[in-house]
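Take a look at the structure below.
In what follows, every chain begins at residue 1, and chains take the letters A, B, ... in the order their sequences are listed.
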There are 2 protein chains.
Amino acid sequence: MPNQSDLKKAGLKTTQPRLKILKILENADVRHLAAEDVYKILLETGEEIGLATVYRVLTQFESAGLVIRHNFEGGRSVFELNDEDHHDHMVCLECGRVFEFFDKTIEERQKEVAHQAGFAIDDHSLYMYGVCRGFRDNGNCSWVDQPSQGVFKLKQK
Amino acid sequence: MPNQSDLKKAGLKTTQPRLKILKILENADVRHLAAEDVYKILLETGEEIGLATVYRVLTQFESAGLVIRHNFEGGRSVFELNDEDHHDHMVCLECGRVFEFFDKTIEERQKEVAHQAGFAIDDHSLYMYGVCRGFRDNGNCSWVDQPSQGVFKLKQK
DNA sequence: TTTATTGCAAAACCTTTGCATGTAT
DNA sequence: ATACATGCAAAGGTTTTGCAATAAA
C-alpha cells in the first residue's frame with residue numbers, strides 16, 4: 001500500500017493535496033474513483049483543492065506507479081490504488097459497482113499468447129461488463145444508494 | 001461481414017454517408033479506426049461528409065452490432081467492423097499497430113470466473129499493451145510510415 | 001531562497017446535439 | 001409526401017495547460 005515515503009521516492013514533494021488525495025484513495029469505501037469523485041470527496045471534507053490539481057496529482061501518481069488508471073466504457077478515467085497485487089475487473093452495468101478478480105490460468109495464457117506473437121507486454125487490462133448478482137437477485141445493489149460513487153456512466157436509469 | 005442489407009435490418013436508411021463509411025471500415029488497411037481517421041479518409045477521397053455524421057453513423061452502427069467500439073488507452077474511441085468472430089487485442093505502444101488474437105482457454109476461464117461470481121457477462125474486453133516484434137527487431141514498423149493510421153496517441157515520440 | 005506545486009481560468013480534445021436543409025422511400 | 005439523415009455550428013463533458021500566487025525543501 002503506497003504511503004508518504006513513496007511520494008519522496010517518486011520525486012514528489014510531500015504536499016497537503018497529495019497526502020489528502022492519497023488518503024482518499026486508501027480509505028474510500030469504493031476503490032475505483034474518477035477524478036471528479038475524488039474532487040467531490042475533497043469538497044465534502046471541506047478541502048480547498050482544485051479539480052486541476054486532482055488531475056495533476058492522479059496523473060503523477062500514475063507515472064510513479066502509485067495508482068492505476070482504467071478506461072472503462074463511458075469515457076472517463078477511473079483510478080485505483082496500485083496495491084501491487086494485480087487483478088482484473090468485472091463492471092456491473094446496472095449498479096456501477098466494480099468487482100476485482102484474479103485468475104492464474106488467464107494470466108499465464110496471456111503471457112503465452114504474447115510470447116508466441118513476439119510481443120513484449122508492458123501491461124494489460126481485462127474488463128468484463130455485465131450484471132452483478134446483487135442486482136440480479138435484489139433488483140438493486142446496496143451501492144446505488146451511495147451518492148457520487150458510480151465509477152462510470154450507467155447505461156440505463 | 002456487414003453489408004448494405006444489414007443497414008436495412010437495423011432500420012437504417014441506405015444513405016450515401018452510411019455506405020461510404022461502411023466501405024471504409026471494410027477496405028481500410030487498418031482495421032481499427034478512430035472517428036477522426038474515418039473522417040480523414042473521407043476527406044482524402046473527396047467526400048463531403050461532416051465529422052458529426054461520422055460519429056452519428058459509427059454510433060448507430062455500434063447499436064446495430066455492425067461495429068465494435070474500443071476504449072484503448074489514450075482517451076479516444078476506436079471502431080472496428082464486427083465480423084462476428086470475436087477476438088482480443090494487443091496494442092503496440094511504439095508503432096500504434098493493433099494485433100488481434102483469440103485464445104480459447106482465456107475465453108473459457110472468463111466465463112467460468114463470471115459464473116462463479118454470479119456475474120452475467122454482456123461483453124468483455126482484453127487489451128495487452130507492449131512492443132510488437134516488428135518494432136523490436138527493426139527499430140520501426142512498416143505502419144509508422146503511413147500517415148494518420150495510429151489508433152491512439154503514442155506514449156513517446 | 002530556490003524550486004516545485006497549486007488555483008484559477010482558459011484552452012484543448014473528443015463527442016453529442018439543435019435546427020434548418022436535404023435525401024431516401 | 002413523409003419521415004428520417006445530414007451539415008453546420010454550438011454546446012457538453014473530460015482532461016490539460018499557462019501563469020501568477022503559494023508552499024515545501
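With sequence neighbours left out, the side chain to side chain contact (heavy atoms under 4.5 Å, CB included) criterion links A:Ser63 to no other residue. Every residue two or more places apart in sequence or in another chain that forms a side chain to side chain contact (heavy atoms under 4.5 Å, CB included) with A:Glu80 is listed here: A:Arg31, A:His32, A:Ile68, A:His70, A:His87, A:His89, A:Glu100. Listed by chain and residue number, A:Asn27 satisfy the side chain to side chain contact (heavy atoms under 4.5 Å, CB included) test with A:Lys23 (two or more places apart in sequence, or in another chain). The salt bridge (Lys or Arg N to Asp or Glu O under 4.0 Å) test applied to A:Lys111 returns no partner, not counting sequence neighbours.
The hydrophobic cluster containing A:Leu43 also contains A:Ile49, counting ILVMFWY residues as joined when their side-chain heavy atoms lie under 4.5 angstrom apart, directly or transitively.
Within the 4.0 Å cut-off from OP1 or OP2 of D:dT14, not a single side-chain nitrogen or oxygen of A:Ser77 is found.
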Inset, instruction - Apply salt bridge (charged side-chain N to carboxylate O under 4.0 Å, His left out) to the pair B:Asp37 and B:Lys40, showing each step before the final yes or no. - result: CA-CA 5 Å; B:Asp37 294 324; B:Lys40 279 182 190 160; 5.1 Å; no
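In this structure, the CG atom of B:Leu33 is 15 Å from the P atom of C:dC14, given to the nearest Å.
A rotation axis mapping the C1' atoms of four pairs onto the next four is fitted at both ends of the helix from C:dT1-D:dA25 to C:dT25-D:dA1 over five pairs, and the angle between these axes is 30° to 10 degrees.
Under the side chain to side chain contact (heavy atoms under 4.5 Å, CB included) test applied with B:Phe61, the options B:Leu81, B:Asn82, B:Leu66 reduce to a single match, B:Leu66.
A donor-acceptor pair under 3.5 Å is absent between the side-chain atoms of A:Arg109 and the main chain of B:Asp103, judged by distance alone.
Of the candidate nucleotides D:dT14, D:dA5, C:dT15, D:dA5 has the atom nearest to the side chain of B:Arg18.
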Could I get a table of every N or O pair under 3.5 Å where one atom is in the protein and the other is in nucleotides 16-25 of chain D?
from: D:dG18; atom 1: O6; to: A:Arg56; atom 2: NH1; distance (Å): 3.3
from: D:dA25; atom 1: OP1; to: A:Thr14; atom 2: N; distance (Å): 3.4

